[in-house]
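Working notes, structure below.
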Amino acid sequence: MSSNLHGTRVAITGGARGIGRATAAAFLAAGARVAIGDVDTEEVAKTAAALAESTGGRVFGLTLDVTDAQSFDTFLDLAEAQLGGLDALVNNAGIMPTGRFLDEPIELADRTIDINLRGMLIGTKLAGRRFAARRRGHIVNVASVLGLVGTPGVATYCASKFAVVGLGAALHQELATDGVAVSTICPAFVNTQLIEGLTPNWLARRIGFVEPADVARAAVAAVASGRGGRRVVPALTGVTARVLSPLPENLANRIGRLLGTHDTIGKADTAKRAAYLDRVTGPRA
């Protein structure tokens, strides 16, 4: 890892498990000091303790509800107090309910938008103001390749992630004048509980499935570079998205079906996804 991250102070949302936990581990390995936030107070404390023990790094677990502006502001205050300042925020918290759009309860759609988009807006605005006042800082928003290519079975999720990609594209330009870099990471399907029960064919798995550590490396590389912009993980998925993008929509959709991306979600095993869906649709996500 790049030596210019030694002493860098990083806050990460959704840090108790999955991509957030892997990202914290990667920053710690690069010499950064880390605060992880999550609505699951017990789990985030356990994760912080485990990471501190395994890496020897300085890491703090804090309670955070990304949909609550006051909670987010308090999280940033505590992160700065514990770390001695703040240089970067990784907005990672997100959920991915699956199923037919017409069968989706409006309450679940609201929850998806609140966590995936509103949480990003709140965190980016609050951290952005702090960074702009110092004329330095880096915001990394974790979106999805499904923010570049729409897929049946996750319409609301796609809507939320398309919005995050648009937010990053605009703020990469707008906040640069304030000395704030904004990066957007667009992972393909990441091997966490979020994709439990999905049914990819061999081609979709080869070009569109990654590990949490792959996404973590992209976030670390973005902050180490000091440059904003969009990064797709893996790169091959980004190439595929760029090839499909200029094609007529119906043709691109047919190619997507041939690649197996539609069936990956559309034929998900709902029984295998039950544990994940229970967790993210309950009062705590």
Side-chain angles (χ1 to χ4, degrees), residues 12-14 18-20 22-23 26-27 66 88-98 112-113 115-121 123-124 138-173 175 181-192 194-195 198 200 203-225 227-247 252-253 255-256 259-262 264-265:
I12 302 168
T13 74
I19 294 172
T23 301
F27 273 106
V66 297
L89 169 68
V90 180
N91 278 315
N92 162 71
I95 63 172
M96 190 180 80
T98 53
T112 302
I113 295 299
I115 294 172
N116 293 5
L117 175 57
R118 189 166 176 273
M120 293 275 182
L121 289 167
T124 300
H138 203 128
I139 297 168
V140 179
N141 289 334
V142 179
S144 170
V145 72
L146 296 182
L148 303 173
V149 179
T151 300
V154 277
T156 302
Y157 179 82
C158 287
S160 69
K161 294 301 186 177
F162 265 81
V164 172
V165 170
L167 175 71
L171 294 183
H172 174 45
Q173 303 170 75
L175 297 189
V182 178
S183 297
T184 305
I185 309 294
C186 294
F189 296 107
V190 186
N191 187 23
T192 66
L194 182 142
I195 66 164
L198 299 195
L203 181 58
R205 182 169 291 281
R206 181 169 180 79
I207 68 174
F209 277 68
V210 292
E211 296 297 323
D214 298 316
V215 185
R217 281 192 291 270
V220 170
V223 174
S225 74
R227 298 188 299 273
R230 189 169 71 203
R231 296 167 181 250
V232 181
V233 183
L236 181 57
T237 299
V239 171
T240 303
R242 286 195 297 273
V243 169
L244 293 177
S245 180
L247 297 179
N253 289 342
I255 294 173
L259 293 174
T261 55
H262 289 200
T264 294
I265 295 174

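The structure displayed is predicted, hence computed values, not measured ones. Note that the numbering runs from 1 along the sequence shown for the chain.
With rounding to the nearest 0.5 Å, the separation of CD in Glu211 from CG in Asp214 is 6.5 Å. Residue Leu148 holds its CG atom at 6.5 Å from CZ of Phe162, rounded to the nearest 0.5 Å. For the atom pair CG of Leu167 and OG1 of Thr184, the computed distance is 7.0 Å after rounding to the nearest 0.5 Å. How far CE of Met96 is from SG of Cys158: 9.0 Å, rounded to the nearest 0.5 Å. In this structure, the separation between CD1 on Ile12 and CD1 on Ile19 is 11.5 Å, given to the nearest 0.5 Å.
Among all heavy-atom pairs drawn from His172 and Val182, the shortest one is ND1-O, 3.7 Å. Residues Ala213 and Ala22 come closest through the heavy atom pair N-CB, 4.1 Å. Pairing each heavy atom of Ile139 with each of Thr124, the nearest pair is CD1-O, 3.6 Å. Minimum heavy-atom separation, Gly119 to Asn91: O-OD1, 4.4 Å. Closest approach of Pro187 and Ala143 over heavy atoms only: CD-O, 3.5 Å. Residue Thr23 comes nearest to Ala219 through the heavy atom pair CG2-CB, 4.1 Å, listed as atom of the first residue, atom of the second, then distance.
Between Arg217 and Val220, the closest side-chain pair of non-hydrogen atoms is not below 4.5 Å. The shortest distance between side-chain heavy atoms of Thr112 and Pro97 falls below 4.5 Å. A heavy-atom distance below 4.5 Å is found between the side chains of Ile185 and Val233. Using a 4.5 Å heavy-atom threshold, the side chains of Phe189 and Val145 count as separate. Within the 4.5 Å cutoff, the side chain of Cys186 has heavy atoms near those of the Val165 side chain.
Side-chain N or O atoms of Ser183 include one that pairs as donor or acceptor with a backbone N or O of Arg227 at under 3.5 Å. A donor-acceptor distance shorter than 3.5 angstrom exists from the side chain of Asn92 to the backbone of Thr13, with no hydrogens or angles considered. Remark: the backbone N or O of Val142 is paired with a side-chain donor or acceptor of Lys161 at under 3.5 angstrom.
Counting heavy-atom neighbours within 6.0 Å of Arg230 CZ, excluding the residue itself, gives a total of 12 or less.
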Practice item. Let me see the working for Val164 and Asn116 under side chain to side chain contact (heavy atoms under 4.5 Å, CB included), right down to the final yes or no. Key: CA-CA 8 Å; Val164 172; Asn116 293 5; 5.6 Å; no

